[in-house]
Each structure stands twice: as C-alpha cells, then as structure tokens.
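A short write-up of the structure that comes next.
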Amino acid sequence: MNAPALEANADGLVGPTHSFAGLAPGNLASEANRGRASNPRAALFEGLAKMARLAELGLPQFVLPPHERPAVWALRRIGFEGDEAQVLERAWREAPALAAAASSASSMWAANAATVTPSADSGDGRVHLTPANLLSHPHRALEAGQTTRSLQVLFPDRERFVVHDALPAQPHFADEGAANHVRLSADQGEPGVELLVWGREAYQPWTGRFPARQTREAAEAIARRHGSRRPVFAQQGRRAIDGGAFHNDVVSVGTRTCLFHHESAFEDTARVYDDVRRAADGLFEPVFLEVTEEELPLTDVISSYLFNSMLVQPPGEDRLVLVAPAETCEQLGPYRLAKALPGRNGPIGRVEFIDVRQSMSNGGGPACLRLRVVLTQAELDAANSGQRFTAALHAALRDWGERRYREVLTPDDLRDPQLLEESRTALDELTGMLGLGSDFYPFQRA
Ligand code: SUG
C-alpha cells in the first residue's frame, strides 16, 4: 500500500529582468514580441496570483527563486574582463546577443527546471530530480547550476530526495526537463507511468524547420538514473515542432489517468496509446482525450496555448480542473473547445482561466511556470518551509515587488548598469524572505 500523495507545484518567480529580447527561435511568441517593452512587476504579480489560485484549490505550492541576472559570471567565462561595469559594457558592445542572453529571466519557466520521478515510481523509493541542461539556447543553458542549488535547498533531505547533476552538457543529451514529461496514475500516491517525449535522436540529422530541443538519449538517460519503473518513450510530432510546439507541453498535458492532447502531439499516436496501456496494465485504465486538427487547427493551438494549461486534481473535487491561459477566451475556436470539455463527460469537470500575459508573450503559459512534484505528506513536510507559498508570503512578495521591480523595461534597458544593482538588492532581500541562506547566489559568495 503506497502512502497517499498530492501533486505540488513549485513555480519560478519572475525575475527583475523579465524582458522581450526575442531569444528563442522556434518559440513564435518570443519571436513576435521581440523588442517590446515588458512589465517585470506585472509579470511577477501575475505569477503570484496564479500560485495563490492553485494554493486556494488546495494544492501545495512552493516558490523557486529567480536566478541572478545579468549573469556577469557567465560573461567572464567567455572572456569579458574588468570590473563588473566594464564586463557588461564590453559584452554589450562586442556581443550584444550574448549579453542579452546573460540577462534573461528565463528561469521563471520552472517546467524546464528538471524532470521529476515521484517516489512511487523510482527504483529506490526516493523522489528523483534531474535538473535540465537546457542546451538548446545560450540563455537557458545558464540555468542548470543555480537550478541544482535551488532544488537542493528546496528538498534538503537526502533520505527522501535525490537531486542529480544535470546530464552532460553535450548536444546528444539536450534536455528540457518536465516540459516533455507526463506522469499518469490511478491516484497520485499509486505507482504510475512516466511518459517521456523526445524530439530528435542524437545520431540522426535533424531536418525540421525549428530546433527539436529534447533528445531521445536524454530521456532514456533520465529514466535510467531515476530507476523509473514504468517509462514510456514517445517521439514528439514533427509537425507540432514545425508549427511552433518547441516543448511537448504546448500540445499535451496529463495527470491522473487522463492524457489530453492535440492530434499533432505525437509522431505515432496509436503506438503511444498502446505503450501507455501496456505500461499501465494492472494499475489503471488510461483515458486519452484527443483534439483533432479538424476540431482545432495547430495554429490555433499555438496561438491560444490551450494545452499549456495546468490539469489538476483539487482535493475534494471528483473531476479534474483545467487551468487555461486567459488568451484561450479571446479566440472563438479554443474558447468553445475549452468550454465544451466538461460536457464530454470525461475526466475534465471544470475549466478556469488565468492571466499570465507577460509570460505568455515569451511563449510561457500557466503550465510552463510550474514544476510538478508529486509528494507524500512526509516528503511535503521535509521540503524547505520558507519556500511554501502562503497568504503571508504572497503579501510579502507583492510588497517586495512594489519596491524592487520596474514597471517598464525595454530590451535596451538591459544595458543599464543600474539594473544589476537593483536586481541584486532585490535578490539579496529575497534570500532572507525564503530562507535560502546567505550564500545562495553567486554574488553573495563573491
Ligand atoms: O524556452 N521562452 C521560453 C519559454 C519556455 C516555455 N516553457 C515550456 N513550454 N514549458 C523558451 O522558449 C523567451 C525569452 C526571450 O525571448 O527573451 C524564452 O526563452
């Protein structure tokens, strides 16, 4: 008999440098919004409001701190020397694209922080986490080290949690974390099936229009090191990647027994169904909820981000709740489809809409902002309580944001040396608020 468990969410707090620098080719929103002015404070508040809503639904909620940006340490590593102001000035003059990459607030998309195998599914009964190396883009590849530290602080108990190193920083093992991972089970605490979706094979040339970010070799390595008991590997639909689904969570989402996905999500859907059914045999009967191209074309899927919803089981409700991006309401096709879902009499009983527009403008919907971690009560109790989202923490973080975050930031403003100071002051204060210790960030250790 397994201990009961709940699906907790750890959300990435939006950092003070949140901006629209157009850093992610293949991510259509990021490309379309390149150069626009952002509002870091509004982005922070939107993320907090989402956490508050999920906490209100009864799901344990944690906060993952933003990373130190601009990452002067990363610019030093590639040869920019001098004091910090000089490093920034030289980098912006000689390599503006790399300077912008070193300023990105991309750690907010916590679905890319790590892949997580719950204790009910791992080889040794502990929760296993592999931080993603995010090799596909220079701004994201900077995240792995700080993410590892962050997860070690959130889950300090080595008896219950294993925080692995990221996979080798090598294109064969390109890994984007839980954005390509779905776990299905009868109940959260019961043994489940892990679906690991990959875009390309390391030893085959990639010929798609946009980069395929996750390799099959990375997915297999993660399942091996986690001792995953029931892994299913599936190829992401090539058409989906070509259409702008740079992660599988843009075209599919699942929890409990339900996999809700667009027709384009997998290269071979029948095979995925067969493999999942076989892996789930004796445990549960999977429910596949497919939306066809005819019902909703891929272009509308990408523009609305309908599948980048959170699909959650609030305690006390008998069916699942789909927490969808507000943009879904603004397009007739996606809106009608979402509204009709409860009427299908399937596992989804209710749809809610949530406004995370600032993140959405960079291609990050509600599901991108959170890392799901299925935890038993004992595991929950072992997590760093300072990072647990409460009404008091919400109020404190809003006050902090009012004082420390700008309301207008253009990509050009990222050059402002004052922004480095502002960010550090904000993050230094935050480490105290979340109980992260006084040596959490590189600048605190310098
Ligand atoms: O990696 N956007 C992120 C969005 C990540 C979304 N995550 C999931 N689907 N799980 C990315 O493409 C854009 C940043 C910029 O352009 O400045 C960016 O990195």
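Counting starts at 1 for both ligands and their atoms, following the listed order. Keep in mind that the numbers below use all heavy atoms, side chains included, and drop hydrogens, waters and symmetry copies.
Protein heavy atom nearest atom 19 (O) of ligand 1, with residue, atom name and distance: H139 NE2, 2.7 Å. Closest to atom 18 (C) of ligand 1 among all protein heavy atoms lies W109 CZ3, 3.5 Å. The protein heavy-atom contact nearest to atom 16 (O) of ligand 1 is L23 N, 2.6 Å. The single protein non-hydrogen atom nearest to atom 10 (N) of ligand 1 is D249 OD2, 2.7 Å, given as residue, atom name and distance. Nearest to atom 2 (N) of ligand 1 among the protein's heavy atoms is N362 O, 3.0 Å. Looking only at heavy atoms of the protein, atom 8 (C) of ligand 1 is closest to C368 SG, 2.8 Å.
Those atoms of ligand 1 that come under 4.0 Å of a heavy atom in A111, given as number and element, are 10 (N). Close contacts between ligand 1 and G363 involve ligand atoms 4 (C), 6 (C) [criterion: under 4.0 Å to a heavy atom]. Residue S30 has at least one heavy-atom neighbour below 4.0 Å for each of these atoms of ligand 1: 13 (C), 15 (C), 16 (O). Per-residue contacts place S19 under 4.0 angstrom from the following atoms of ligand 1 (heavy atoms of the residue considered): 17 (O).
Ring centroids of F307 and F260 are separated by less than 6.0 Å, placing the two rings close together. Ring centroids of H172 and Y203 are separated by less than 6.0 Å, placing the two rings close together. Aromatic ring centres of Y273 and H261: separated by under 6.0 Å.
Every N/O-N/O distance between A179 and ligand 1 stays at or above 3.5 Å. The shortest N/O to N/O separation between S106 and ligand 1 does not fall below 3.5 Å. Residue contacts with ligand 1: R140 is placed with a nitrogen or oxygen under 3.5 Å of a nitrogen or oxygen of the ligand (distance criterion only).
Within the 4.0 Å heavy-atom cutoff, R213 counts among the residues contacting ligand 1. The shortest separation from a heavy atom of A29 to ligand 1 is not under 4.0 Å, leaving the residue out of contact. Within the structure, the closest approach of S104 to ligand 1 does not fall below 4.0 Å when heavy atoms are considered.
The existence of a salt bridge linking E217 and R200 is excluded, since no basic side-chain nitrogen approaches an acidic carboxylate oxygen closer than 4.0 Å. The existence of a salt bridge linking R424 and E68 is confirmed by a sub-4.0 Å separation between a basic side-chain nitrogen and an acidic carboxylate oxygen. The existence of a salt bridge linking E194 and R230 is excluded, since no basic side-chain nitrogen approaches an acidic carboxylate oxygen closer than 4.0 Å. Look at E89 and R93 and you find a salt bridge, because one of the NZ, NE, NH1 or NH2 atoms lies within 4.0 Å of a carboxylate O, short of that distance.
Remark: side-chain polar atoms of N308 are paired, donor with acceptor, to backbone N or O of G365 under 3.5 angstrom.
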Could you go through Y405 and N39, starting from their C-alpha distance and side-chain angles, then the distance that decides it, and tell me whether this counts as side-chain contact (heavy atoms from CB on, under 4.5 Å)?
CA-CA 9 Å; Y405 276 53; N39 183 337; over 6 Å; no
Run R406 and D416 through salt bridge (Lys or Arg N to Asp or Glu O under 4.0 Å) and show every step you take.
CA-CA 13 Å; R406 297 193 189 184; D416 179 1; 3.0 Å; yes
